[in-house]
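The structure appears below as structure tokens.
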Amino acid sequence: MLQPLLRRSKTMKCLLTQSSLLSICPPDIPSFNHHCRILSPHFPPLFSRFLVVVQGFRSSNSRINPREYCSNSGVGVKSMASAKIVRDPESISYLNQREAAEIDEILMGPLGFSVDQLMELAGLSVATSIAEVYKPDEHNRVLAICGPGNNGGDGLVAARHLHHFGYKPFICYPKRTAKALYNGLVTQLESLSIPFMSVEDLPVDLSTSFDIVVDAIFGFSFHGTPRPPFDDLIQRLVALGNPNQNNVKSPVIVSVDIPSGWHVEEGDLSGKGIKPHMLVSLTAPKLCAKRFSGPHHFLGGRFVPPSVAEKFKLDLPEYPGTSMCVRIGKPPRVDISALRENYISPEFSEDQAEADPFAQFQKWFDDAMAASLKEPNAMALSTTGKDGKPSSRMVLLKGFDEDGFVWYTNYESQKARQISENPQAALLFYWDALNRQVRIEGSVQKVSDEESEQYFHSRPRGSQIGAIVSNQSTVIPGRQFLHQKQEELEAKYSDGSLIPKPKYWGGYRLKPELFEFWQGQPSRLHDRLRYTPEGIDGKRAWKIDRLSP
């Protein structure tokens with residue numbers, strides 16, 4: 001009897017424990033990783049596993065991760081945005097100053113939005129755009145320079161969200177307004193112990209103290225010439241765009257809606273204005289954004305209703321999934337060799353490991369389930385035929401117990417042919433949200449016809465028909481060929497009669513001869529524990545060895 005993958009009672013227990021503990025130990029505090037390492041040895045196993053699951057929530061773009069709200073993603077909740085959704089800047093609508101003001105009036109008039117609602121959405125869009133590109137472990141110190149108007153309010157809101165995303169924001173807010181909305185924003189930031197800095201407290205050269213500077217000084221409604229102290233602050237931002245003679249890494253500039261000091265329609269008229277690295281346009285890009293030459297242009301403010309889009313003939317990119325921002329234009333080319341993650345995880349030591357690798361796998365699989373990852377049972381299956389050429393593909397685990405790990409497929413596929421020639425294979429589970437992977441190697445054999453029959457008829461009828469339609473790995477003339485066969489079979493079995501399992505379809509079981517559990521750690525000093533079978537007093541046991549990373 002196969003052990004079911006969804007162990008509901010155990011999963012629910014873990015989720016309930018997790019949700020209750022989140023209220024007293026929020027995982028978004030910057031020092032959470034440090035506390036995990038200190039506290040985990042002193043708590044019972046369930047809480048220790050909770051700490052690991054929360055790590056997954058932090059890193060996955062799951063419930064807490066800010067990247068869930070952005071345009072790029074991977075598995076799980078992020079899957080709706082698995083590809084970068086970008087639009088050619090020339091195909092997007094741009095607003096002049098009058099149109100931008102008119103849209104705001106409509107939103108805050110007949111459409112019922114309040115200023116604080118729009119400000120909250122705008123600030124969240126700015127924060128998630130920053131999180132999309134600049135990770136808090138590399139660009140942690142953020143200075144938000146906020147002007148006296150709505151643009152400054154957007155910057156205050158963005159700073160609050162950045163704090164919750166794991167950044168360390170500082171606020172420079174020289175000209176505070178007496179309006180209750182802004183006083184409330186200040187109170188919210190002060191309650192989080194976010195420092196406020198006067199203009200006099202700021203270093204003349206911002207390069208040495210900050211990694212990101214948010215330019216939230218002036219928005220599209222600003223007219224005239226900047227007055228003190230904002231004229232000096234703008235010049236400090238301009239200076240950040242000039243090469244540093246001491247080779248000090250300069251902070252990146254993120255401008256909110258328009259770069260402060262630019263003409264809302266004509267752009268940087270003098271050619272000596274701020275040159276931001278990122279521009280986060282709000283509602284729709286303003287005309288000056290056509291002259292933005294930095295590497296990262298995002299659109300935020302997911303609140304434009306169809307009536308407004310139709311009235312102003314707005315052609316805007318779609319926001320993927322749950323995103324609050326979307327990239328405009330192609331992402332910049334990156335140096336692939338420079339792409340790297342510094343894994344932050346609880347240590348996985350020998351005294352924490354289960355003696356039985358099947359029990360250890362169950363524990364980690366339960367953690368992957370509790371972290372709400374999409375298809376935690378997805379695994380890479382590697383096979384080799386008699387020619388010695390390896391082949392890999394993703395398949396889905398459909399059950400496991402001490403007899404092995406089971407999946408189903410077409411017995412006439414490439415992998416099936418290779419298994420018939422060489423009944424040895426390898427499985428790889430990779431749960432990136434938890435910084436974990438599991439390697440399993442062993443011999444492979446078919447499951448019984450009874451097991452295959454039982455599983456086949458447990459599948460949705462569409463999947464049963466699909467198994468008959470697909471002569472897996474063979475060449476076909478086109479997709480229409482599949483649709484035609486599908487329609488024929490759907491008509492044949494439209495009366496709800498039993499769909500017979502094809503003789504060429506069934507399951508395989510890999511009986512493990514090796515397990516390796518991998519937990520990512522900082523500086524590439526990963527934990528790797530290998531299980532290999534050994535005989536002790538005539539009984540089969542498992543030997544655990546630590547491997548060098």
* Enclosure of R540 CZ (heavy-atom neighbours >12, cutoff 6.0 Å) -> yes
* To do: Starting at NE2 of H161, measure out to CZ of F165 and round the result to the nearest 0.5 Å.
  => 6.5 Å
* Tell me, please, whether Y411 has K446 positioned over its six-membered ring: NZ or CZ under 6.0 Å from the ring centre and within 45 degrees of its axis? => yes
* **D449/K501 salt bridge by N-O under 4.0 Å criterion** => no
* To do: For E490, look at atom CD and say whether over 12 heavy atoms of other residues, nucleotides or ligands are found less than 6.0 Å away.
  => yes
* **Heavy-atom check, side chain of H296 versus side chain of V252, under 4.5 Å** => no
* Is the shortest distance from a Lys or Arg side-chain nitrogen in R417 or E412 to a carboxylate oxygen in the other one below 4.0 Å? -> no
* To do: Might you point out which heavy atoms bring F456 and I499 nearest each other, and give the distance in Å?
  => CE2-O, 3.5 Å
* To do: Would you tell me whether T409 and K415 have side-chain atoms, one donor and one acceptor, within less than 3.5 Å of each other?
  => yes
* Test item: R327 and V133 side chains (from C-beta on) under 4.5 Å apart, heavy atoms -> yes
* **Neighbour count >12 (heavy atoms, 6.0 Å) for atom NZ, K168** => no
* Taking 4.0 angstrom as the limit, do R436 and D367 come out as a salt bridge? -> yes
* Should the heavy atoms of other residues, nucleotides or ligands under 6.0 Å from CD of E341 be counted, would the total exceed 12? -> no
* Would F348 and W364 count as a close aromatic pair, with their ring centres under 6.0 Å? -> yes
* Asked: For E487 and H483, does a side-chain donor sit closer than 3.5 Å to a side-chain acceptor?
  -> no
* **Gap between atom CG of L299 and atom OG of S323 - 0.5 Å precision** => 11.5 Å
* Would you check if the distance from the ring center of W518 to the ring center of F429 is below 6.0 Å? => no
* For the residue pair F361 and W431, does the interplanar ring angle fall in the parallel (under 30°), tilted (30 to 60°) or perpendicular (over 60°) class? -> tilted
* Value rounded to 0.5 Å, distance of CG in L434 from CD in Q519 -> 7.5 Å
* Partners passing ring-ring contact (aromatic ring centres under 6.0 Å, His included) against W542 (at least two apart in sequence or in another chain) -> F515
* **Cationic N near anionic O, under 4.0 Å, E441 to R439** => yes
* Asked: Considering residues at least two apart in sequence or located in another chain, which fulfil the salt bridge (Lys or Arg N to Asp or Glu O under 4.0 Å) criterion with E354?
  -> K363
